[in-house]
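The structure under discussion appears below in the form of C-alpha cells.
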Amino acid sequence: MEFDFQRAKRLIDSAEKILVIAHRKPDGDTLGACISFKRALSKLEKEVTMACIDEIPERYAYLPDIKHFVKDFNFREYDLMIVCDAGASYMTDYHSKYEDIWCGDVPVINIDHHASNDNFGTVNVVDTNAASTTMIIYKFFKYAGYDISPQIATCILTGLYNDTGSFMHQNTTPEVLRIAGEMVGAGGKVVDVSRNLFKNTSVSTLKLWGRVLSNLKINDEGVAMSVITNRDFEECNAEVDELSGAVDFINCVPNTKFTVLLHEDGAGNVKGSFRTRKEGVDLEEIASKFGGGGHKKASGFTIPGRLEKEIRWKIVPSHEDRKHRSIKSGN
Ligand SMILES: [Mn+2]
C-alpha cells in the first residue's frame with residue numbers, strides 16, 4: 001500500500017488540474033471520498049473539479065461542496081483523474097459519454113476497496129480489506145501529510161457510516177471505530193451524518209417497509225419470508241431501490257434459520273435476497289439453486305418471472321418450459 005501511496009502522491013504533486021470522479025448512482029462513500037480530495041487538494045492550490053454522471057440524492061445535501069459536482073467535462077483539460085470507490089471504470093458510466101476517456105491520455109488514480117476491482121488505473125490504490133474508500137483516503141492523507149479539516153472528517157465519517165451500514169455490518173472493525181472516533185474528534189459532524197443517512201426516510205419508503213413487515217411470515221422450518229409485488233410498489237408509490245436494506249432489517253427474528261425477501265422488479269423479474277445470522281447455514285448454496293450467488297451469510301438471485309400467491313407464494317418463471325420453483329412459506 002505504501003508504494004501505491006507514494007506513486008499516487010507523485011501523480012498528484014505533478015498535476016495542476018485534477019478531475020475527481022464518483023461512481024454512478026452515488027452513495028455516501030464515493031461522495032465523501034471525492035469531496036475529501038477536492039477539499040484537501042484545493043488547499044494545495046490545485047484546481048479541482050468533481051464529477052458524477054447521475055443526480056446527487058437529496059439526503060447528501062449536508063455534505064460540504066455537494067453542489068459543486070458537475071456532470072459534463074472535457075477530460076483532456078486535466079492532468080490527472082482520480083476515480084473514487086468504483087470497482088471498475090465502467091462504474092462511473094462516463095465511457096457512455098466520452099468513449100475514449102480511459103484510453104490512457106490522462107493518468108488515472110483508481111482508489112477503491114471493492115474485491116472486484118480490475119485495477120483500471122495508472123496507479124491503483126486498492127485495499128479490499130478497507131471498510132470504505134474514505135478509510136483508504138484517511139490513511140493516504142496521513143501518509144501524504146494532508147490536513148484533515150472538520151469538513152473532511154465529516155466526509156470520511158460519511159463513507160464509513162455508509163459502507164458499514166451505520167456501524168452494524170461485520171466490517172465494523174476496531175480500526176473502523178478508531179478512525180470514526182478520530183474523525184469525530186477532528187470535528188466531523190456525526191449527528192449530521194446519522195440524521196441525514198439513517199433517520200431520513202420518505203413516506204413511500206416507510207409504507208413499502210410496512211408492507212414488508214406485514215407480509216412477514218415464519219414457516220415450520222424456521223425461515224422468515226416476506227414478499228413485495230409490483231402492485232405493492234405501485235400502491236406505496238415507491239421505487240424498487242427503496243427496498244434496499246429491508247431484508248437486513250427483517251433478519252432479526254430470534255430462532256430463525258434465515259430470512260428471504262422476494263420481490264418483483266417491475267421489469268419482469270423476481271429477485272430474492274437471503275440473509276442469516278446463523279453459523280452453518282450456507283446461503284450461497286441456496287441462492288445457487290435459483291441461479292444466483294453471493295456469500296454464506298448474504299446472497300441473492302434474479303430470475304425472469306412473477307410472484308403468485310396460491311396457498312404459498314410461488315415464483316412463476318417467464319419461460320413455461322422452466323420448472324416452477326417455489327419457496328416454502330407460511331400462508
Ligand atoms: Mn464504498
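Read the numbers this way: they start at 1 and go in the same order the structure lists the ligands and their atoms. Heavy atoms only: backbone and side chains are in, while hydrogens, waters and symmetry mates are out. This chain uses plain numbering: 1 for the first residue, then up along the sequence.
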Check the side chains of Ser36 and Tyr138 for a donor-acceptor pair under 3.5 angstrom, ignoring hydrogens and angles.
no
Any side-chain donor paired with an acceptor under 3.5 Å for Tyr78 and Glu16?
no
Charged N to carboxylate O below 4.0 Å: is that the case for Arg7 and Glu2?
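Not counted as a salt bridge, because no side-chain N and carboxylate O are separated by less than 4.0 Å.
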With a 6.0 Å cut-off (strictly less than), is the heavy-atom count around CZ of Arg231, excluding the residue itself, greater than 12?
no
Within the 6.0 Å centroid threshold, strictly below: Phe141 and Phe37:
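Yes, the ring of Phe141 comes within the 6.0 Å limit of the ring of Phe37, centre to centre.
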To the nearest 0.5 angstrom, please state how far the NZ atom of Lys25 sits from the OG1 atom of Thr30.
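It comes to 14.0 Å.
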Would you list the protein N, O or S atoms within less than 2.8 Å of the Mn ion (ligand 1), leaving out water?
Asp29 OD2, Asp85 OD1, His113 NE2, Asp163 OD2
